[in-house]
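Worksheet for the structure shown next.
Basis for what follows: all heavy atoms, side chains included, without hydrogens, waters or symmetry-related copies. Throughout, a chain's letter reflects where its sequence line sits, starting with A, and its residues are numbered from 1.
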Number of protein chains: 2
Amino acid sequence: MTAATPALPARQRILDTACRLFYGEGLRATGIDRIIAESGVAKMSFYRHFPSKNDLILAFLQLRHEAWMARFTAAVETASATRPGLAALADALGNWFSDADYRGCAFINAVAESGVPATPEVGAIAAGHKAELRDWIAAYAGRCDLREPHQAADEAMLVVEGMIVRFQMTRDAAIPAHGRRLLELIAAAHRG
Amino acid sequence: MTAATPALPARQRILDTACRLFYGEGLRATGIDRIIAESGVAKMSFYRHFPSKNDLILAFLQLRHEAWMARFTAAVETASATRPGLAALADALGNWFSDADYRGCAFINAVAESGVPATPEVGAIAAGHKAELRDWIAAYAGRCDLREPHQAADEAMLVVEGMIVRFQMTRDAAIPAHGRRLLELIAAAHRG
DNA sequence: GCGTTGACAGACAGACCTGTCTACATAAGA
DNA sequence: TCTTATGTAGACAGGTCTGTCTGTCAACGC
């Protein structure tokens with residue numbers, strides 16, 4: 001607990017605060033000063049760990065990607081025990097939607113905030129996140145014995161993104177059910 | 001052409017520039033000064049027509065809503081001549097995607113940019129836009145002789161939003177085809 | 001002719017935002 | 001003991017943003 005992984009409290013506090021504010025209020029709307037104040041850190045400590053705001057944004061997206069993927073895949077595995085197949089994706093998303101601070105996908109929001117063209121680094125991280133999710137779903141579809149798991153994943157991704165955005169816009173509790181039905185349609189089409 | 005609808009050139013130029021910049025670069029990223037400069041208008045002329053930036057944003061969203069709905073519904077009607085049924089929605093979206101300046105849905109982007117809770121007015125306009133789109137699709141599904149057109153519309157909305165966001169993130173030319181297939185699956189499920 | 005209206009030009013204030021800088025405290029290791 | 005790394009506190013510069021203000025000009029209806 002000494003040299004191998006310093007795990008500095010200051011850096012961690014900055015990152016925690018950044019995750020909360022960047023996700024909850026947006027990248028551009030969140031000022032450095034606010035992150036510094038709410039993480040109880042000195043300005044120079046901040047700039048020692050993150051030379052610029054952009055570096056912090058990139059670190060936030062990277063962290064968010066790993067945390068989200070871990071949570072989502074675990075939720076799918078859990079849900080697939082009681083509801084096997086692609087429909088488990090809808091249950092995993094429904095679990096996420098019940099978060100009090102749900103505000104959609106951090107990567108979609110980040111790209112939506114970026115102008116055209118999106119900040120190259122932000123766009124690349126977001127594209128990488130979505131590609132990894134798609135690949136994971138393709139592998140999961142393969143495990144579910146679906147034919148053409150890659151095409152199934154492409155179609156399921158449309159439903160997944162649709163659910164995420166639509167719940168962000170409407171907060172309609174029926175969305176997981178609609179998504180589940182669609183995913184079952186996809187699964188049936190790739191099974192028979 | 002005098003008193004009934006003044007149709008002032010200054011106001012129109014401001015609105016045109018605002019539509020282009022707000023959509024292309026984002027609400028927050030676009031400053032008043034830039035809109036004023038690019039529309040070739042005096043600052044006081046701007047503030048005479050729009051008392052604050054927020055008023056301009058609201059006017060932009062309202063205009064965008066009307067223009068987008070008109071274009072989308074017309075494109076669906078056109079597409080449905082050669083490809084009847086829900087799948088025409090995918091063709092209409094594909095037509096939109098081919099715009100050089102495509103940057104996703106202005107309303108999704110606006111909500112993504114707003115913190116939590118989204119600026120109430122922006123959130124309300126965005127929700128209204130999506131509700132109107134959903135209702136239009138439900139009516140269209142009814143015209144296509146689908147049973148339970150409202151449920152079909154709820155499911156189709158998931159696909160529509162998924163296509164919009166996914167094309168924004170990936171620029172994958174195969175997305176209209178994936179969406180078309182999903183919409184045909186929905187239609188088949190609501191027909192048989 | 002004259003006043004009103006709408007438009008143009010650009011200075012200005014005040015807030016906020018990013019990033020730099022000085023100064024000092026603490027603790028571990030050479 | 002002295003250096004180095006890490007931390008706190010807060011002033012500061014330079015930029016950008018929104019919104020206000022002064023002043024000038026042209027067109028049009030009375």
Length of the line joining B:Asn54:CG and D:dT18:P, which is rounded to integer Å
12 Å

Should A:Glu77 and A:Arg143 count as an ion pair when the cut-off is N to O under 4.0 Å?
yes

Which whole-number value in Å describes the distance from A:Lys53 NZ to C:dG19 P?
8 Å

Between the side chains of B:Asp99 and B:Arg71, is the shortest nitrogen-to-carboxylate-oxygen separation below 4.0 Å, so that they form an ion pair?
yes

Over how many whole Å does the gap from B:Asp55 atom CG to D:dT18 atom C1' extend?
13 Å

Could you check how far OH of B:Tyr47 sits from P of C:dG6, rounded to whole Å?
19 Å

Nucleotide nearest A:Val41 (side chain, heavy atoms from C-beta), chosen from D:dT8, C:dA11, C:dT18
D:dT8

May I have the distance from B:Ile36 (atom CD1) to C:dA9 (atom P), rounded to whole angstrom?
12 Å

What is the distance, rounded to the nearest whole Å, between atom CG of B:Leu56 and atom P of D:dC17?
15 Å

Mind checking whether A:Phe72 and A:Trp68 have parallel, tilted or perpendicular rings, split at 30° and 60°?
parallel

To the nearest Å, how far apart are A:Asp33 CG and D:dA13 P?
16 Å

Parallel, tilted or perpendicular, as decided by the 30° and 60° cut-offs, for the rings of A:Phe97 and A:Tyr102:
perpendicular

Is there a donor N/O on one and an acceptor N/O on the other, under 3.5 Å, for the side chain of A:Arg48 and the base of D:dA5?
no

Could you check A:Met44 against A:Ile32 and say which one's nearest nucleotide on DNA chain C is further toward the 5' end?
A:Ile32

Does B:Arg28 put a side-chain nitrogen or oxygen below 4.0 Å from OP1 or OP2 of D:dT16?
no

B:His49 side chain N/O closer than 4.0 Å to the phosphate oxygens (OP1, OP2) of C:dG6?
no

Compare side-chain N and O positions of A:Ser45 against OP1 and OP2 of D:dG7 and report whether any pair is under 4.0 Å apart.
no

Nearest-angstrom distance from the residue atom NZ of B:Lys43 to P of D:dG23:
18 Å

What verdict does the side chain to side chain contact (heavy atoms under 4.5 Å, CB included) test give for A:Phe107 and A:Val122, after you've listed the backbone C-alpha separation in whole Å, the side-chain angles of each residue and the deciding distance to 0.1 Å?
CA-CA 8 Å; A:Phe107 301 90; A:Val122 170; over 6 Å; no

